[in-house]
Visitor: 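Once you've had a glance at the structure underneath, I'll fire off some questions.
Bear in mind that the values here come from a model prediction, so they are computed numbers and not experimental data. Note on naming: letters A, B, ... go to the chains in the order of the sequence lines (proteins, then strands), and numbering restarts at 1 for each one.
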Amino acid sequence: MSEHKDFLRTIVEEDLKAGKYNKVVTRFPPEPNGFPHIGHAKSIVINFGIARDYHGHCNLRMDDTNPTKEDTKYVEALKDAVEWLGFDFDNNVHFTSDYFPKLYDYAIELIKMGKAYVDSLDEEEIREYRGTVTEAGKRSKYAERSVEENLDLFERMKNGEFKDGEHVLRAKIDMTAANMKMRDPLLYRIRHAHHFRAGDAWSIYPMYDFAHCLADYIEGITHSICTLEFENNRDIYNWVLDTLGLGSISPRPYQHEFARLGINYTVMSKRKLLELVKGGQVSGWDDPRLPTIAGYKRRGYTPESILNFCDGIGITKANSMVDVAQLEFSIRDDLNTKVPRVLCVLDPLKVTIENYEGSEEIEATYYPHDVPKEGSRKLPFSREIYIERDDFMENPPKGYYRLTPEQPVRLKHAYIISCKEVVKDVNGNITEIKAEYHPDSRSGSDTSGIKVKSAIQWVSASEAKEVEIRLYDRLFKDEAPEGLEDINPDSLKVIKNALIEPAVITEKPDERFQFERQGYFYADPVDYTDEKPVFNKIVGLKDSWSKKKKTTTESAPKPQAKKVQIDGEVAPMTEVQEKLFNKYRADLGLNSEVANTLARDEKLSYFYAEALTVLNSPVGLANIVANDVARELKAKEASELKFSAKQIADLVKMVDDETISSKIAKQVFEEMAKSGESPTQIVESKGLVQISDPSKILPIIDEIMEKNPDNVAKFKAGNTKLLGFFVGQVLKSTGGKANPKVVNELVSEKLK
RNA sequence: UGGGGUAUCGCCAAGCGGUAAGGCACUAGUUUUUGGUACUGGUAUCGGGGGUUCGAAUCCCUCUACCCCAUCCA
């Protein structure tokens, strides 16, 4: 667990500490209607992760309440994903459909309580009656049906006596609710459809809002964690559970929402993913370009890298778009210390070493010096080899490190070669390099004294194996793709005849490799055969050379348009407010902001007036009322406050006559708001009277300066922000009692 | 337009009245037989405007932008 807890863990910890639950139970509740993607991975990591961290439990549950969309092939994919990521669901998959009988009983209970009714409006009417976000809805006339009639109708719905859409069961809540979700939400609909698990047993199916909270309750879930778009549904979640009285029997679950994952250059919605799969833009749900778990798995991502990625991005409620670079980093970072380095030439250019005869085998280690792993293989070397076409240039730009007519280069693990002749075809394309090797430059026993700028990959022509390489790039060319038109036409490049050193194929030291200087690759788990090996590119190595080239050629400092802030209009004051405002300004001498705050808020101005009758300190009172009292009054009514205007007046009086500092006043206020105790009493019992005597404060300052010589030096060097640090330290060591004004003066004097 | 959310560096993200963490990306340098890795350094005043305070990213007021809600989807 990282040192900084996310907000969900904070909630869980508080609940555990408060004894609300004695064991945390979470759940990962996907609907089996599509393949899980990396957004699901985030949810899996959150739910299973929290359960693991707090020694609780996490259920894998299929939320299968819609028979027309769901399928068992998706539940397999979901199980695979959870397992692959390394989490354990005890081989026990839960299904909402298993609770259908219980759910039905709860619905009957609701009907009996008069809290649910069978509505017979058609679909369109229901929509109309619901109203809009700004207009209230109106209730269906069928809401007046008797409990008996509802019971009878509902049972007949279950028995399949009606056609799809003829009736629905709805909760009776409030058709005028500001939260649209609370306008008599549908609980059950008729569906004469075959359910992949329940078969044809049911002709009615529960809706999400009814089923989910109850499934949570039935499983003893404590923290029902979902994504932000369900925030509006939280009210129904609570309504169903509370109305059925379920919280009182045993501790019931509560819903908490976090922001779903977004990654640029890809799409994450199941609908869009399905579109790509069905439209043939990709080869299937496991296409390595897709952000599906199956896709990443096939591409060669490791579970660890996905887990690290999820840990790295954090959990918050802010909608955000994570850069794919972060994902790419996590797989590079993981593979760097794990996989063997091998030589593979993607775009071969023949090199004949004219002064080399015969052949030899070079022992080459699989891992670089900084990876603490053992292992090596034999690299055949001969007169005829292939190098990467990119690694030779006849007219190189400045800063080019590789082979040129003038510049020798090392063949990784082998000899240094120099270019002697460039052979071209009739079109001027380079077809071959004739080179010379330096016999005394063999890797490990180099006495040639030749300095080269780089070592490149190569393969021996006669021993190299031909392999297929699939180069994957981002699926979309647009950072926030809208649709198919944003697809990157170059997202897949297939190289049919790349050349790889033989050990990779014959020895198979691993399934993932770093092809030296190119990237990480994975033996395709589906199409790879010994006759025709296939490797998928997982991710490229960081490449500062091509970056350098680009920036020097393009060097376009993009003009960052500063966003212009538009100031909206402030609602005008009413006549009464205006009068009050003017009085505050003219008669009481308040500044316009405080006067404004007070005048516009009836609760505040009333409270202020009351306090004023006790103490004639208009400005001091106004400040505390407009700031601190306002905070309390945000959530509460005046009658609910633990403190009175009189107490506020007493508090301000103590500040006025300098018994306490304004800092202490804040502290006292907080205490008062909680306990309702009188301010004088709080000050007395806690001994909060302020210390203003410099002779008492000075020694403390000295002590702090002694303990923090670095900061003293920094301050003297001009870092005046540190003033707050010193003042803070003094305040801290006096328990907040030192008079901050005095401390401030003394500190700045001292440090001058 | 009603309700519910969210705003801290190019991208994530700590921070809860007292010196603006960290990661990714970017950038400069050191090491290097991968233009990789590792290491060292650089890079923000907190959506805007006011107010309260000795002191505000944190408290108050206000404005702005973005997301979600009017499926018999989940």
Visitor: Does A/R332 put a side-chain nitrogen or oxygen below 4.0 Å from OP1 or OP2 of B/G36?
Guide: no
Visitor: So, does A/S443 get its side chain near the phosphate of B/U33, meaning an N or O under 4.0 Å from OP1 or OP2?
Guide: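 The answer is no; no side-chain N or O of A/S443 sits under 4.0 Å from OP1 or OP2.
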Visitor: Of the nucleotides B/U37, B/C73, B/C69, which one has an atom closest to the side chain of A/V133?
Guide: B/C69
Visitor: Rounded off to whole Å, could you give me the CZ-to-P distance for the A/R341 and B/U32 pair?
Guide: 18 Å
Visitor: Counting neighbours of NZ on A/K338 that are heavy atoms of other residues, nucleotides or ligands and sit closer than 6.0 Å, is the number greater than 12?
Guide: yes
Visitor: Rounded to whole angstrom, note down the C1' distance from B/G41 over to B/U31.
Guide: 15 Å
Visitor: Quick one: does A/S662's side chain have a donor or acceptor within less than 3.5 Å of a partner on A/A665's backbone?
Guide: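 Not confirmed, A/S662 side chain does not pair with A/A665 backbone.
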Visitor: Whole Å only: how far is the CG atom of A/D323 from the C1' atom of B/G23?
Guide: 12 Å
Visitor: With centres under 5.5 Å and planes under 30° as the test, does A/F725 stack with B/G18?
Guide: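 No.
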Visitor: Taking for each residue the nucleotide of RNA chain B with the nearest heavy atom, is it A/I313 or A/N66 whose nucleotide lies nearer the 5' end?
Guide: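 Looking at RNA chain B, the more 5' nearest nucleotide goes with A/I313.
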Visitor: Please determine whether a side-chain nitrogen or oxygen atom of A/T65 lies at a distance below 4.0 Å from atom OP1 or OP2 of B/A74.
Guide: yes
Visitor: Using whole Å, what does the distance between atom C1' of nucleotide B/G3 and atom NZ of A/K181 come to?
Guide: 13 Å
Visitor: Taking atom P in both B/A38 and B/A56, what distance in whole Å separates the two?
Guide: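 Those two atoms are separated by 40 Å.
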Visitor: Without decimals, in angstroms, what is the distance between A/N319 CG and B/U8 P?
Guide: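 Nearest whole value for this atom pair: 12 Å.
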Visitor: Would you say A/S320 reaches B/U6's phosphate, i.e. side-chain N/O to OP1/OP2 under 4.0 Å?
Guide: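 So the side-chain polar atoms of A/S320 never come under 4.0 Å of the phosphate oxygens OP1 or OP2 of B/U6.
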Visitor: I need the CG-C1' distance between A/L186 and B/C72, as an integer number of Å.
Guide: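 Result: 5 Å.
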Visitor: What about A/D235: does its side chain form a donor-acceptor pair under 3.5 Å with the base of B/G4?
Guide: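 Answer no: no donor N or O sits under 3.5 Å from an acceptor.
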Visitor: Without swapping roles, check the side chain of A/D184 against the backbone of A/D174 for a donor-acceptor pair under 3.5 Å.
Guide: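 It does hold such a pair.
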Visitor: Under a 3.5 Å cut-off for both distances, is B/A70 Watson-Crick or wobble paired, and to whom?
Guide: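 Here B/A70 is not engaged in any pair, so there is no nucleotide opposite it.
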Visitor: OP1 or OP2 of B/C60 versus the side-chain N and O atoms of A/K634: is any pair under 4.0 Å?
Guide: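 Result: yes.
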Visitor: Just call it for A/H413: base, sugar-phosphate, or nothing, with non-hydrogen atoms closer than 4.0 Å on any strand.
Guide: base
Visitor: I'd like to know if A/R410 reaches the base of B/U33 with its side chain, counting only an N/O donor and acceptor under 3.5 Å.
Guide: yes
Visitor: Output yes when at least one side-chain N/O atom of A/R191 is less than 4.0 Å from OP1 or OP2 of B/C73, else no.
Guide: yes
Visitor: Establish whether the base of B/U34 is bridged to the side chain of A/Q514 by a donor-acceptor pair shorter than 3.5 Å.
Guide: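 Yes, a donor-acceptor pair under 3.5 Å.
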Visitor: Could you tell me whether A/V570 contacts a base, only the sugar-phosphate backbone, or nothing, with contacts defined as non-hydrogen atoms closer than 4.0 Å?
Guide: sugar-phosphate
Visitor: For the C1' atoms, the ones on B/C26 and on B/U58, what distance do you get once it is rounded to whole angstrom?
Guide: 30 Å
Visitor: Quantified in whole Å, what is the P atom distance between nucleotide B/G2 and nucleotide B/C63?
Guide: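 Looking at atom P only, B/G2 and B/C63 are 12 Å apart.
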Visitor: Assert yes or no for the condition that the ring centre distance of A/Y188 to A/F210 is strictly below 6.0 Å.
Guide: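 Yes, ring centres under 6.0 Å apart.
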Visitor: Are A/R631 and A/E670 ion-paired here, with the side-chain N under 4.0 Å from a carboxylate O?
Guide: yes
Visitor: Between B/G4 and A/R234, is there an OP1 or OP2 to side-chain N/O distance shorter than 4.0 Å?
Guide: no
Visitor: Which distance, rounded to the nearest 0.5 Å, do you find between the OG1 of A/T227 and the CD of A/E257?
Guide: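 Going from the OG1 atom of A/T227 to the CD atom of A/E257 covers 9.0 Å.
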Visitor: Would you call A/W545 stacked on B/G35, i.e. ring centres under 5.5 Å apart with the planes less than 30° off parallel?
Guide: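 Whether judged by distance or by angle, A/W545 passes, so it stacks on the base of B/G35.
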Visitor: Could you tell me whether the phosphate oxygens of B/A74, OP1 or OP2, come under 4.0 Å of any side-chain nitrogen or oxygen in A/R189?
Guide: yes
Visitor: Output one letter per nucleotide in nucleotides 44-57 of chain B: B when a protein non-hydrogen atom lies under 4.0 Å from the base, S when only the sugar-phosphate is that close, - when neither is.
Guide: -B-BS-BBSSB---
Visitor: Write down the partner of B/G36 under the Watson-Crick or G-U wobble criteria, each distance required to be under 3.5 Å.
Guide: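 For B/G36, the partner nucleotide comes out as none, under the 3.5 Å rule.
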Visitor: Can you tell me if A/N708 uses its side chain to pair, donor with acceptor, with the backbone of A/D710 under 3.5 Å?
Guide: no
Visitor: Would you say CZ of A/R600 has more than 12 non-hydrogen atoms from neighbouring residues, nucleotides or ligands within 6.0 angstrom?
Guide: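 More than 12 heavy atoms, drawn from other residues, nucleotides or ligands, come within 6.0 Å of this atom.
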Visitor: Can you tell me, in whole Å, how much space there is between the P of B/C11 and that of B/C60?
Guide: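 Roughly 27 Å separates the two P atoms.
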Visitor: Taking the six-membered ring for Trp and the full ring for Phe, Tyr or His, determine whether the centres of A/F258 and A/F7 are under 6.0 Å apart.
Guide: no
Visitor: Considering only atom P, compute the distance from B/U33 to B/A25 and round it to an integer number of Å.
Guide: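 Here B/U33 and B/A25 have their P atoms 24 Å from each other.
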Visitor: If the P atom of B/G10 is compared with that of B/A44, how far apart are they to the nearest Å?
Guide: 10 Å
Visitor: For A/K138, is the NZ atom crowded, meaning more than 12 foreign heavy atoms sit under 6.0 Å from it?
Guide: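 No, because the 6.0 Å sphere around NZ of A/K138 holds 12 heavy atoms or fewer from other groups.
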Visitor: What's the gap between B/U37 and B/G18 when it is taken at their P atoms, as a whole Å value?
Guide: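 Result for the P pair: 39 Å, nearest Å.
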Visitor: Does B/G5 have its OP1 or OP2 closer than 4.0 Å to a side-chain nitrogen or oxygen of A/R260?
Guide: no
Visitor: Does B/U37 count as syn, meaning its glycosidic angle lies within 90° of 0, or as anti?
Guide: anti
Visitor: With the side chain of A/F230 defined as its heavy atoms from C-beta on, choose the nearest nucleotide among B/A74, B/A25, B/G35.
Guide: B/A74
Visitor: Which nucleotide wins on minimum distance to the side chain of A/N711, given the candidates B/G35, B/U71, B/U19?
Guide: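 So the side chain of A/N711 is nearest to B/U19.
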Visitor: Does any nucleotide pair with B/A7 by Watson-Crick or G-U wobble geometry, both distances under 3.5 Å, and what is it?
Guide: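 Per the H-bond distance test, B/U64.
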